Amino acid sequence: MQQDQGQSPISLRKQEGGIAVLLVNNPPVNALSQAVRQGLSDAVTQIESDDDIKGAVLHCEGRTFIAGADIKELGKPPLAPFLPDVIAALDQCSKPLVAALHGTALGGGFEVAMGCHYRVASPSAKVGLPEVRLGIIPGAGGTQRLPRLVGLEKAADIITSCRQVKMEEAAKIGLVDAVLKGDLLKEACAFLESKLAEGETPLSISKRSVPDWDEEALSALEAKVKKRARGQLSPVKALESVHNSANMPFEEGMKAERAMFLELAASDQAAALRHSFFGERIVAKVPGLEDVKARSVENVAIIGAGTMGSGIAVAFADAGYQLTVLEMSREGLERGRDRIAGIYQGAVKRGKMSQEQADAKVASFTFTTDMSDLNNADLVVEAVFEDMQVKKDLLTNLEAVVSQDCILATNTSYLDIDEMASVLKRPDNVIGLHFFSPANIMKLLEIVNTDKTAQDVLATAVAVGKRLRKIAVVAGVCDGFIGNRIWAKNRQLLEFFLEDGASVEEVDKAMLEFGFPMGPYAVFDLSGLDIAWAQRKRKKPLMDAAERYVDIPDRLCEMDRLGLKAGKGWYRYEEGSRKPQPDEEVAKVIAEERERKQCKDLHLTTADIQDRVLAGMINEGFKILQEGIALRPVDIDMVLLNGYGYPVWRGGPMHEADRIGLDRIVAILQDMQSQYGKGWEIAPALKDYAGQGKKVADWGK
Ligand code: T1G
């Protein structure tokens with residue numbers, strides 16, 4: 001630490017009246033790198049030893065208070081001084097310390113603030129302990145100090161939900177001592193001055209005891225957290241540590257917290273979750289677009305207000321765009337308006353907005369059946385029926401009314417966008433924006449870049465994705481792009497398992513144990529089996545006759561087993577219940593098909609099923625990379641994590657490939673290829689990588 005000069009990210013400035021300002025300046029988010037920890041530690045020593053200093057305000061430069069530990073340092077051997085020790089020094093400082101919070105005080109940042117005697121904040125600040133999302137627990141006293149500050153139940157809720165607490169709530173529950181309007185630093189100094197004038201002895205949080213708690217509420221929360229964790233260790237461990245705060249003296253609780261933190265920080269799960277954290281940010285950086293200026297987008301039109309179109313419209317409206325919704329008929333438009341109003345009504349019911357706000361939102365849309373009303377649109381997203389000719393005709397008509405540089409986006413999930421754009425005068429204005437249902441909720445957006453898409457159109461789509469707060473992944477044109485292509489292959493595999501001796505329930509159980517939120521067959525039932533049936537009918541004539549084809553799903557559809565909505569599909573459903581029940585009739589169809597095709601029982605175990613699913617995705621992932629459909633392996637992982645329920649604590653198939661080893665993946669695939677034949681060849685790039693002892697992480701290096 002140096003005073004007001006030099007390289008240290010920390011400076012200490014003495015002001016009149018005995019108040020010192022301890023300033024952190026470590027862009028972009030003031031993360032607690034080793035230099036910051038060292039600087040803080042030195043500063044406390046100086047505050048203690050300098051008789052002129054009566055107290056200090058801890059303040060941060062830039063857009064935010066300390067946003068936590070430096071995530072790049074996690075998983076590596078920690079470097080001294082360790083954060084718990086730095087915070088202990090703050091905690092034990094004999095002079096009052098005030099943390100002045102703005103932006104987001106997260107993780108280690110909020111732990112630092114809890115090491116201070118007082119916390120004040122600007123009204124827009126947010127605080128939280130999101131460590132669980134990184135596969136760890138708060139590791140610098142968060143699980144011990146927060147319960148002492150706000151009680152066990154609140155602490156458990158804040159830590160396991162990873163939510164960011166806004167100031168209204170923070171002030172109410174005592175997370176902060178004051179919310180200050182105006183110049184934060186000036187007001188924080190005034191706050192400290194008043195405390196000094198009152199002559200209050202600061203009582204650090206570590207010296208307080210945990211308030212009484214409601215055992216029943218805590219148990220209910222614990223049960224919920226355990227159920228939701230689905231194999232992720234960090235939330236469960238965090239609860240254990242929070243509980244310790246009530247049963248152990250502070251020092252002992254700290255030791256236990258540190259031990260759990262260090263063990264988790266070195267775990268595969270934490271590595272996977274860090275991969276996901278950085279992956280979300282890497283996908284937003286598209287090589288080649290660094291110097292490309294995005295077009296300006298404010299007026300957005302959505303064509304087709306079905307389930308998908310309505311969700312897309314709400315997603316855009318929520319991000320502040322001006323929306324026009326077009327339907328072909330008055331009736332269609334009325335239904336669309338009702339759907340959109342229904343989405344906002346849901347938000348009112350959940351307490352997310354008031355009725356007035358919902359009404360104002362709906363009133364802000366322009367609803368029309370007249371295409372010429374789209375003449376001022378900067379971006380049009382079509383979400384009409386999945387039919388090439390319908391879309392070609394629509395885009396042709398559209399091109400005639402919109403401006404020269406209006407971007408035309410299609411929400412198709414598998415059609416060839418190059419072909420779609422080929423009928424237009426300006427195919428360079430066309431791009432795919434593939435949303436996932438419900439589009440206003442799901443994080444994933446695939447941006448499909450065609451052969452002809454202009455660079456600035458792509459850059460605009462990336463910027464729009466960011467403003468929509470989506471995880472927007474760029475993909476190339478192929479059947480299914482990244483996600484649906486991998487998923488279609490996986491679906492085939494899930495069907496092979498049935499012919500090869502596994503039951504529907506066994507496959508679902510294996511996938512649940514893998515960490516998916518639902519078994520795939522239960523999901524198929526939920527979404528209905530008819531769309532996939534129609535797709536199979538479309539694709540079957542194009543399939544190589546040598547490829548293995550499982551008839552079981554077609555037979556179920558022919559028996560009107562169309563899923564939950566029909567009361568039967570892969571499972572049967574009692575009247576009014578959504579609980580899947582195994583069905584003899586399905587088992588009989590499977591047995592007949594096995595018999596008819598003379599399938600051998602492969603006696604697949606749960607582990608075999610899981611290995612094959614994973615190896616199948618990795619293989620298709622390599623094919624996608626080889627063909628240039630995905631830019632990088634991490635793009636594939638982000639698609640699966642954010643659109644397909646792939647367990648986030650696994651990091652995605654491409655990340656897992658390196659954990660498991662490509663040799664082993666190839667060995668699994670060799671078995672699969674010999675049993676499944678055509679279409680299951682091992683990707684040449686995967687073979688090469690395995691042969692040369694390379695890792696997925698080496699891709700593109
Ligand atoms: N460490 C390292 N880099 C970080 C970082 C961090 N904690 N937070 C952000 N970055 C990088 C990010 O990769 C990006 O880099 C740039 O900063 C801007 O981020 C002991 C162990 C603060 C709300 O989990 O939630 O404390 O891509 O694009 O949208 O108990 O960043 O530009 O190269 O996200 O304005 C707990 C994580 C750590 C907070 C800002 N803290 N960060 O959002 O910008 S664990 C967190 C965020 C911990 C202790 C434990 C967000 C943000 P690049 P950005 P933003």
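As the structure is a computational prediction, the values presented were derived from the model and not from experiment. First listed ligand is number 1; within each ligand, the first listed atom is number 1. Nothing fancy with the numbering, it's 1 onward along the sequence.
- Atoms of ligand 1 found under 4.0 Å from any heavy atom of P138 (numbered from 1 in listed order, with element): 30 (O).
- Annotation for ligand 1: atoms under 4.0 Å from non-hydrogen atoms of F261 are 21 (C).
- Only the side chain of V29 comes within 4.0 Å of ligand 1, judged by heavy-atom distances.
- Taking each heavy atom of A657 and I618 in turn, the nearest pair found is CB-CD1, 3.6 Å.
- Of all the heavy atoms of T104, the ones lying under 4.0 Å from any atom of ligand 1 belong exclusively to the side chain.
- A distance-only check finds a donor-acceptor pair linking the side chain of K361 to the backbone of A317 [under 3.5 Å].
- Atoms of ligand 1 lying under 4.0 Å from any heavy atom of E131, numbered from 1 in the order shown and given with element: 26 (O), 30 (O), 45 (S), 48 (C), 49 (C), 50 (C).
- Of all non-hydrogen atoms in G645 and F516, the two that sit nearest each other are O-CD2, 3.1 Å.
- Of all the heavy atoms in V112 and I66, the pair that sits closest is CG1-CD1, 4.3 Å.
- Judged by the 6.0 Å and 45° rule, R650 forms a cation-pi pair with F514.
- Under 4.0 Å from ligand 1, the heavy atoms of L74 that appear belong solely to its side chain.
- Nearest non-hydrogen protein atom to atom 1 (N) of ligand 1 is I71 N, 2.9 Å.
- If you number the atoms of ligand 1 from 1 as listed, the ones under 4.0 Å from a heavy atom of G107 come out as 26 (O), 36 (C).
- The backbone N or O of A697 lies less than 3.5 Å from a partner atom in the side chain of D658, making a donor-acceptor pair.
- Across all their heavy atoms, P647 and L641 have their closest contact at O-CD2, 3.7 Å.
- Protein heavy atom in closest approach to atom 17 (O) of ligand 1: P28 CG, 3.3 Å.
- In this structure, R274 is not positioned above the aromatic face of F278 in the sense of NZ or CZ being under 6.0 Å from the six-membered ring centre and within 45° of the axis.
- Each of the following atoms of ligand 1 lies closer than 4.0 Å to a heavy atom of L134: 24 (O), 38 (C), 45 (S).
- Residue F278 has at least one heavy-atom neighbour below 4.0 Å for each of these atoms of ligand 1: 13 (O).
- Summary of contacts: the protein heavy atom closest to atom 2 (C) of ligand 1 is D70 OD1, 3.2 Å.
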> Yes or no on side-chain contact (heavy atoms from CB on, under 4.5 Å) for M442 and F435, after CA distance, side-chain angles and deciding distance?
Replying inline: CA-CA 8 Å; M442 290 288 285; F435 287 84; over 6 Å; no
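- The protein atom (non-hydrogen) at minimum distance from atom 7 (N) of ligand 1 is A69 O, 2.8 Å.
- Inside a 4.0 Å radius of atom 13 (O) of ligand 1 there is at least one protein heavy atom.
- Q269 contributes a side-chain N or O that, together with a main-chain N or O of L233, makes up a donor-acceptor pair within less than 3.5 Å.
- Contacts between T64 and ligand 1 below 4.0 angstrom, taking non-hydrogen atoms only, are absent altogether.
- Classification of E251 and R258 as a salt-bridged pair fails, no side-chain N sitting under 4.0 Å from a carboxylate O.
- Within the structure, side-chain hydrogen bond (donor to acceptor under 3.5 Å, both in side chains) contacts touching residues 635-647 (residues at least two apart or in different chains) are H275-D637, N484-Y644, R632-D635, Y646-E656.
- Among R281, R258, E111, the residue whose heavy atom lies closest to atom 30 (O) of ligand 1 is E111.
- Each of E257, H243, E240 was scored for a side chain to side chain donor-acceptor pair (under 3.5 Å) with T143, with one residue passing: E257.
- Among all protein heavy atoms, the one lying closest to atom 25 (O) of ligand 1 is L106 CD1, 3.8 Å.
- Considering only heavy atoms from C-beta on, K207 comes within 4.5 Å of D91 through its side chain.
- Heavy-atom proximity to K285, at under 4.0 Å, picks out these atoms of ligand 1: 27 (O), 32 (O), 33 (O), 53 (P).
- For atom 19 (O) of ligand 1, the closest non-hydrogen atom of the protein is R63 NH2, 3.8 Å.
- With a 4.0 Å heavy-atom cut-off, ligand 1 is reached by the side chain of P130 but not by its N, CA, C or O.
- At the shortest separation from atom 3 (N) of ligand 1 among protein heavy atoms lies K72 NZ, 4.1 Å.
- At a heavy-atom cutoff of 4.0 Å, ligand 1 is contacted by no atom of I282, backbone or side chain.
- Every atom of ligand 1 with a heavy atom of I136 under 4.0 Å away is listed here by number and element: 21 (C).
- When heavy-atom distances to ligand 1 are checked against a 4.0 Å cut-off, A67 comes that close through both its backbone and its side chain.
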